[in-house]
2 protein chains.
Amino acid sequence: MKEKAIKKGTLRRRSTRQRRVILDVLRSTKSHPTADWVYEQVRQEIPNISLGTVYRNLKLLRDMGEITELSFGSTYSRFDGNPEPHYHFSCVDCGRVMDVEIPVATKLEEQVRQQHGWEVFYHRLEFYGRCSECSERAKKDRTLEQ
Amino acid sequence: MKEKAIKKGTLRRRSTRQRRVILDVLRSTKSHPTADWVYEQVRQEIPNISLGTVYRNLKLLRDMGEITELSFGSTYSRFDGNPEPHYHFSCVDCGRVMDVEIPVATKLEEQVRQQHGWEVFYHRLEFYGRCSECSERAKKDRTLEQ
DNA sequence: ATAAATGCAAAACTTTTGCACCCGA
DNA sequence: TCGGGTGCAAAAGTTTTGCATTTAT
């Protein structure tokens with residue numbers, strides 16, 4: 001809601017070590033980590049970085065379009081170093097979040113525009129279910145308990 | 001993550017006034033309210049209900065499949081008294097959440113199953129953009145400032 | 001009677017923020 | 001130098017939880 005308008009031409013963003021490392025960490029994982037996980041990773045490189053700085057930069061990078069913020073009905077956010085539009089799958093058993101390799105259906109946005117007359121900027125699609133590992137474990141467990 | 005397994009046959013759920021009123025409140029609005037909003041509404045009927053009870057029941061009703069919990073990248077949840085699968089639209093300007101009247105594409109779940117071999121239980125689709133009111137206001141503002 | 005549910009308040013968690021100091025351009 | 005960025009710690013906001021008590025069945 002609070003969009004912090006960047007007044008045209010005023011604020012010029014600086015390149016800091018902290019911001020660079022945070023982005024590096026996110027770019028080099030596919031695990032869709034939490035802010036705290038990112039913090040722990042960055043600490044290995046910059047031990048005295050503060051959690052506040054991590055949060056500030058995650059928000060900044062998100063606003064710059066460099067990363068994406070995800071939710072998944074938890075009380076905390078996850079972050080994705082890949083800003084390209086794509087879908088996600090969340091395993092209800094192990095909680096892992098994976099990328100989904102089906103094409104992005106922009107025509108859905110057109111449907112909404114036609115149906116309701118709203119401007120649609122983007123959409124977000126998440127699948128919930130059980131990943132292969134957890135399916136097999138569940139199967140094994142079921143066999144054992146009988 | 002913490003699924004609180006309902007042991008078969010043990011726990012029998014009671015019908016309480018608190019739970020009934022909370023569900024009523026959710027069933028009689030289309031606004032996808034927050035826990036706090038629900039709390040304030042229910043207080044008009046049961047003045048000494050506690051926020052904890054509201055949270056406990058919202059979680060319970062969600063697990064019972066009576067309501068749905070929504071996220072939208074905020075730090076708090078929203079709740080939907082309509083448990084039937086449907087999509088949502090969130091206005092990035094005014095923050096309101098509305099139902100989207102396009103059919104639910106279950107074939108997407110089939111695509112994911114085929115592509116990745118995961119069991120898919122359900123999916124969640126959210127559109128982000130600007131609602132009609134906000135579009136018009138934005139247009140008006142743009143006219144004025146020139 | 002019995003155990004699920006509540007009220008109350010403290011605690012837990014995630015995220016934000018004020019402020020003095022630091023440092024990149 | 002100048003103002004954006006950082007570190008630190010306190011604060012804010014949402015959600016959870018322990019415990020004594022109430023209440024539905």
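Quick caveat: nothing in here was measured; it's all calculated off a predicted structure. Protein chains get the first letters and strands the later ones, always in sequence-line order, with residue 1 at the start of each.
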Practice task
May I ask you to verify if any side-chain N or O of B:Asn48 is less than 4.0 angstrom from the OP1 or OP2 atom of C:dC8?
Solution key: no
Practice task
Answer yes or no: does a side-chain N or O of A:Gln18 lie under 4.0 Å from OP1 or OP2 of D:dG7?
Solution key: yes
[X] side chain: which of [options] is closest?
X: A:Ala35; options: C:dT15, C:dT6, C:dA25; value: C:dT15
X: B:Ser77; options: C:dT14, D:dT15, D:dG7; value: D:dT15
X: B:Arg19; options: C:dT6, C:dT17, C:dT15; value: C:dT6
X: A:Thr16; options: D:dG7, D:dT6, C:dT6; value: D:dT6

Exercise for the section: Would you please indicate yes or no on a ring centroid separation below 6.0 angstrom for B:Phe127 and B:Phe89? Expected result: no
Exercise for the section: Compute the centroid of each ring, for A:His123 and then for A:Tyr87, and state whether the two points are separated by less than 6.0 Å. Expected result: yes
Practice task
State whether B:Phe79 and B:Arg62 meet the cation-pi test: NZ (Lys) or CZ (Arg) under 6.0 Å from the six-membered ring centroid, and within 45° of the perpendicular axis.
Solution key: no
Tell me the interatomic distance from [X], atom [atom1], to [N], atom [atom2], rounded to whole angstroms.
X: B:Leu70; N: D:dT14; atom1: CG; atom2: P; answer: 16 Å
X: A:Arg43; N: D:dG7; atom1: CZ; atom2: P; answer: 12 Å
X: A:Asn57; N: D:dG4; atom1: CG; atom2: C1'; answer: 11 Å
X: A:Leu58; N: C:dT15; atom1: CG; atom2: P; answer: 9 Å
X: A:Asp36; N: C:dA12; atom1: CG; atom2: P; answer: 16 Å
X: B:Leu60; N: C:dA5; atom1: CG; atom2: C1'; answer: 10 Å
X: B:Tyr55; N: C:dA12; atom1: OH; atom2: P; answer: 18 Å
X: B:Tyr39; N: C:dT6; atom1: OH; atom2: P; answer: 14 Å

Between N or O atoms, less than 3.5 Å apart, protein on one side and nucleotides 10-12 of chain D on the other: list the pairs.
none

Exercise for the section: Please report the C-alpha distance between A:Gln41 and A:Tyr39 in whole Å, then the side-chain angles of each, then the deciding distance to 0.1 Å, and finally whether the side-chain hydrogen bond (donor to acceptor under 3.5 Å, both in side chains) criterion is met. Expected result: CA-CA 5 Å; A:Gln41 295 303 306; A:Tyr39 172 57; over 6 Å; no
Problem - Non-hydrogen atoms of B:Val25 and B:Thr29 that approach each other most closely - result: O-CG2, 3.4 Å
Exercise for the section: Specify the angle, to 10°, made by the local axes at the two ends of the helix from C:dA1-D:dT25 to C:dA25-D:dT1 when five pairs are taken at each end. Expected result: 40°
Exercise for the section: Would you check if the side chain of A:Ser135 reaches a backbone N or O of A:Cys131 as a donor-acceptor pair within less than 3.5 Å? Expected result: yes
Practice task
Spell out, as yes or no, whether a donor-acceptor pair under 3.5 Å connects the side chain of A:Ser71 to the backbone of A:Gly73.
Solution key: no
Practice task
For B:Gln18 and B:Thr53, test the side chains for any donor-to-acceptor distance below 3.5 angstrom and give the result as yes or no.
Solution key: no
Problem - Residue whose closest nucleotide on DNA chain D lies nearer the 5' end, B:Arg20 versus B:Glu69 - result: B:Glu69
Problem - Nearest-nucleotide comparison on DNA chain D, the residue closer to the 5′ end among B:Thr53 and A:Leu51 - result: A:Leu51
Handout entry: Exceeds 12 heavy-atom contacts within 6.0 angstrom, atom CZ of A:Phe121
Key = yes
Practice task
Over 60° means perpendicular and under 30° means parallel, so classify the ring planes of B:His88 and B:Phe72, tilted if in between.
Solution key: perpendicular
Handout entry: A:Arg113 and A:Glu119, any side-chain heavy atoms less than 4.5 Å apart
Key = no
Handout entry: Closest-nucleotide ordering on DNA chain C, the 5'-leading residue of B:Thr75 and B:Arg17
Key = B:Arg17
Completion exercise
Whichever of A:Ser15 and B:Ile49 has the more 5' nearest nucleotide on DNA chain C, that residue is B:Ile49
What are the atom names and distances for every N/O pair under 3.5 Å that joins the protein to nucleotides 18-23 of chain D?
unit_1, atom_1, unit_2, atom_2, d
D:dG18, O6, B:Arg56, NH1, 3.3
D:dT23, O2, B:Arg14, NH1, 3.3

